[in-house]
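Structure, as structure tokens:
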Amino acid sequence: MADRQTPGARGGDRPDRLFQIAHLTSPDGVPPGLARELADCWAAVANAGGAVIAPGMPMPPVAASDAAPEVERLLGGLHPARCRLLAAVRDGTLAGWLVLRRDPHPLVAHCAVVNHVQTHPRFRRLGTGTALMAAAAAVARGAMGVERLHLSVRSGCGLEGFYRRLGWEEVGRWPGALRVAPGDDRDDVLMSLTL
């Protein structure tokens, strides 16, 4: 399913090892049907309350067709040095995915950003997010030569605790930066992980 498989992502009894992690580095390596699976996952996550709305997408409820153009854009931009997609697969089914992005500018080339972290609602509480984040750290450090990861999360979703348990630290907030709905402004929580 991928350009490469992340070593050690399958086997053993730990929940975070129940997944095969596909590591995509170029548009040519995208298997048939994956774009549809990613869009289906994106819609399911957004409709379940996940903070994964992209520019051009409506606020939930959304259909997979609403996410499809953004998925195509992401897949078309895959590049070994700048943008990689990691997909967690369990028993042949996409369980979740994320994107690793790196700006090649010399001032920030030692860092990468984790975007679009998604676990399909059917695969929550099984270690999908943990497996994806462990693979992201390994790929960023090993294959990309990155020293630090960054991400941002919407406050009020309980995600800060998840990332803290994985070693991430909160490094700042933009208060009220995210307007989910009229009268429902949330902080954009900035987090970092040293590799």
Side-chain angles (χ1 to χ4, degrees), residues 1-31 33-35 37-42 44-45 50-52 54 70-71 74-75 77-103 109-153 157 159-169 190-195:
M1 167 174 203
D3 293 334
R4 298 190 302 194
Q5 301 298 319
T6 300
R10 188 176 178 88
D13 296 323
R14 293 183 6 207
D16 64 333
R17 294 191 165 242
L18 299 175
F19 303 92
Q20 183 179 37
I21 304 293
H23 175 192
L24 304 169
T25 61
S26 74
D28 297 338
V30 177
L34 180 62
E37 287 185 88
L38 294 169
D40 288 343
C41 181
W42 199 326
V45 170
V52 292
E70 182 65 10
V71 167
L74 285 170
L75 294 176
L78 293 176
H79 185 278
R82 294 187 307 272
C83 184
R84 296 166 181 242
L85 186 139
L86 303 180
V89 177
R90 183 170 181 183
D91 299 326
T93 302
L94 180 70
W97 61 284
L98 61 75
V99 173
L100 277 172
R101 284 197 173 99
R102 179 184 193 178
D103 187 326
H110 65 290
C111 300
V113 177
V114 180
N115 293 127
H116 306 294
V117 180
Q118 301 182 33
T119 298
H120 195 288
R122 288 191 325 254
F123 292 95
R124 290 195 176 150
R125 305 207 188 296
L126 299 175
T128 311
T130 300
L132 279 168
M133 295 307 292
V139 166
R141 182 177 45 252
M144 297 175 81
V146 168
E147 298 169 20
R148 179 175 294 277
L149 289 175
H150 298 237
L151 61 77
S152 67
V153 297
C157 296
L159 294 172
E160 299 100 308
F162 167 73
Y163 290 112
R164 278 190 199 105
R165 286 189 297 279
L166 298 178
W168 290 72
E169 63 178 307
L190 310 175
M191 302 194 82
S192 183
L193 176 70
T194 301
L195 301 175

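Note that these values count all heavy atoms, side chains included, but never hydrogens, waters or copies made by symmetry. Just so you know, residue 1 is the first one in the sequence shown, and it goes up from there.
Rounding to the nearest 0.5 angstrom, the gap separating the CG atom in Leu38 from the CD atom in Gln118 is 8.0 Å. The CG atom of Leu159 lies 9.5 Å from the CG atom of Leu151; values are rounded to the nearest 0.5 Å. Taking CZ from Phe162 and CE from Met133, the interatomic distance works out to 6.5 Å, rounded to the nearest 0.5 Å. Rounding to the nearest 0.5 angstrom, the gap separating the CZ atom in Arg141 from the CG atom in Leu149 is 9.0 Å. Here His150 contributes atom NE2 and Ser192 contributes atom OG; the two are 4.5 Å apart, rounded to the nearest 0.5 Å. Here the CH2 atom belonging to Trp97 is positioned 11.0 Å from the CG atom belonging to Leu86, to the nearest 0.5 angstrom.
Residues Val114 and Leu100 share a closest heavy-atom pair of CG2-CD2, 3.8 Å. Gly77 approaches Cys83 most closely through the heavy-atom pair O-CB, 3.5 Å. Of all heavy-atom pairs spanning Leu85 and Leu78, the tightest one is N-CD2, 3.7 Å. Contact between Cys41 and Leu94 at its shortest, heavy atoms only, is CB-CD2, 4.0 Å. Of all non-hydrogen atoms in Leu166 and Leu193, the two that sit nearest each other are O-CD1, 4.2 Å. Across every non-hydrogen atom of Thr119 and Gly129, the tightest pair is OG1-N, 3.7 Å.
For an aromatic pair to be called close, the ring centres must be under 6.0 Å apart, and His116 with Trp42 satisfies this.
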Quiz item: Please walk me through it: do Leu195 and Val146 pass side chain to side chain contact (heavy atoms under 4.5 Å, CB included)?
Solution: CA-CA 8 Å; Leu195 301 175; Val146 168; 4.1 Å; yes
Practice problem: Let me see the working for Asp91 and Phe19 under side chain to side chain contact (heavy atoms under 4.5 Å, CB included), right down to the final yes or no. | Solution: CA-CA 8 Å; Asp91 299 326; Phe19 303 92; over 6 Å; no
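Checked against salt bridge (Lys or Arg N to Asp or Glu O under 4.0 Å), Arg164 has the following partners two or more places apart in sequence or in another chain: Glu170.
Looking at Arg102, its side chain does come within 3.5 Å of a backbone N or O of Met144 through a donor-acceptor pair. Although no hydrogens or angles enter the test, the distance criterion places a donor-acceptor pair under 3.5 Å between the side chain of Thr128 and the main chain of Phe123. Arg101 places no side-chain N or O within donor-acceptor distance of the main-chain N or O of Ala112, the cut-off being under 3.5 Å.
A donor-acceptor contact under 3.5 angstrom links the side chains of His23 and Arg84, judged on distance only.
Enclosure of atom CZ in Arg82 is not indicated, since only 12 or fewer non-hydrogen atoms of other residues, nucleotides or ligands lie within 6.0 angstrom.
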